[in-house]
Amino acid sequence: MCPGCPHRGVFYELNRLNAYVTGDIGCYTLGFMPPLNAMDTCVCMGASISNASGIVRVLPPEEQQRVVAVIGDSTFLHTGINSLMEMAWNKAPATVVILDNRITAMTGRQENPASGYSLDGEAAPEVNIPDLCRALGIRHVRTVDPYDLEATKAALSEEMQRPEPSVVITNRPCCLIKGAGRFEKGAVLEVDQGRCTGCKACLRIGCPAIEWKPDPEGKRGKAFIDPHLCTGCTVCQQLCKFNAIGGKK
Ligand SMILES: Cc1ncc(C[n+]2csc(CCOP(=O)(O)OP(=O)(O)O)c2C)c(N)n1
């Protein structure tokens with residue numbers, strides 16, 4: 001995943017929540033890879049929600065609420081709506097996360113029916129994803145900022161505990177959309193080498209902007225942030241217990 005990718009924090013938290021994650025096709029499929037390790041199935045476009053509906057049927061009741069489907073906005077609009085309707089209709093007690101990054105990122109940032117633009121780039125009617133989910137019969141629909149790890153974890157864990165279907169929508173645009181990726185000038189983060197203890201907590205999110213510098217004398221190494229790659233999304237900063245990551249103005 002790119003530096004600043006809004007999908008990263010969701011997978012980090014799903015891993016920590018020990019969820020059974022049914023995946024789908026898009027940039028976020030990379031959530032299966034180490035160090036995020038947070039995707040258990042991936043079959044084809046739209047299979048995440050239908051897999052989740054099926055898996056809850058064969059799990060013992062105490063395990064059913066651990067099932068979470070993840071699906072991108074484009075994939076959801078392409079072929080996830082029908083499965084969500086079925087999930088609502090047959091009351092599968094799983095959680096669906098719609099990763100709304102406002103674009104079809106994996107195949108080259110094409111517009112989609114919720115982006116507000118047609119494929120020609122003309123202004124177009126914009127599907128309201130939360131309203132659509134409610135119209136399909138999902139009673140619990142909420143939106144969360146995936147750059148806020150605590151809020152993301154709270155939303156996921158609350159919805160996973162609900163014994164009925166629910167939807168969590170993430171609302172940060174793809175960092176490759178012009179103007180959306182990089183935060184204000186000076187937002188790039190840096191590691192205070194004096195404070196960094198070399199605990200490697202920041203490496204657990206797999207951000208390509210974070211490098212590991214081994215110590216030349218064989219002591220513990222330290223993390224280093226490449227200023228050319230960092231977007232200032234702050235996800236790594238939230239993981240550092242030693243306040244060693246800073247620099248956001
Ligand atoms: C049946 C089918 N049609 C089209 C594709 C090409 N394709 C791969 S990923 C993708 C959509 C990705 O967009 P989204 O779900 O929004 O996720 P993102 O990459 O933005 O995270 C598409 C259309 C495919 N893999 N299979």
Side-chain angles (χ1 to χ4, degrees), residues 1-15 19 21-33 36-53 68-87 94-121 124-133 136 138 141 143-147 152 155-156 167-182 205-209 231 233 235:
M1 289 177 193
C2 302
C5 174
H7 300 330
R8 180 170 280 110
V10 175
F11 288 100
Y12 176 79
E13 294 302 349
L14 284 172
N15 180 319
V21 181
T22 57
D24 227 297
I25 316 285
C27 292
Y28 51 92
T29 313
L30 294 169
F32 89 90
M33 285 184 66
L36 296 166
N37 294 318
M39 190 177 288
D40 299 292
T41 68
C42 180
V43 182
C44 61
M45 296 277 284
S48 56
I49 304 179
S50 33
N51 269 348
S53 288
V68 178
V70 289
I71 186 165
D73 51 336
S74 231
T75 306
F76 174 66
L77 296 167
H78 174 63
T79 185
I81 301 169
N82 41 1
S83 325
L84 188 63
M85 181 167 61
E86 200 278 336
M87 182 180 265
T95 304
V96 174
V97 180
I98 301 177
L99 299 157
D100 183 6
N101 62 356
R102 317 290 305 162
I103 208 86
T104 317
M106 188 185 183
T107 48
R109 286 175 283 153
Q110 294 85 3
E111 304 295 342
N112 70 43
S115 71
Y117 297 93
S118 69
L119 285 178
D120 297 337
E126 192 178 318
V127 173
N128 182 315
I129 295 179
D131 282 355
L132 174 60
C133 295
L136 296 173
I138 302 291
V141 180
T143 301
V144 74
D145 177 358
Y147 285 151
T152 301
L156 291 170
V167 170
V168 176
I169 301 164
T170 62
N171 66 357
R172 284 279 183 174
C174 171
C175 58
L176 297 179
I177 296 177
K178 204 172 169 197
R182 205 164 270 271
I205 47 168
C207 177
T231 66
C233 77
V235 169

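Numbering of ligands and ligand atoms starts at 1, following listing order.
- Protein residues having at least one heavy atom under 4.0 Å from any atom of ligand 1 are H7, I25, G26, C27, Y28, M45, G72, D73, S74, T75, N101, I103, T104, A105, M106, T107, listed by chain and number.
- The shortest side-chain heavy-atom distance between I103 and S74 does not fall under the 4.5 Å cut-off.
- Considering only residues two or more places apart in sequence or on other chains, N128 meets the side chain to side chain donor-acceptor pair (under 3.5 Å) condition with D131.
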- Evaluate the side chain to side chain contact (heavy atoms under 4.5 Å, CB included) criterion for residues D100 and N171: first the C-alpha distance (whole Å), next the side-chain angles of each, then the deciding distance (0.1 Å), finally the verdict. CA-CA 6 Å; D100 183 6; N171 66 357; 5.9 Å; no

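- Residues passing the side chain to side chain donor-acceptor pair (under 3.5 Å) test with T75, sequence neighbours excluded: Y28.
- Side chain of T152 to main chain of D145: a donor-acceptor pair is present (N/O by atom type, distance under 3.5 Å, no hydrogens or angles).
- Legend: residues meeting side chain to side chain donor-acceptor pair (under 3.5 Å) with S48, ordered by chain and number and at least two apart, are D24.
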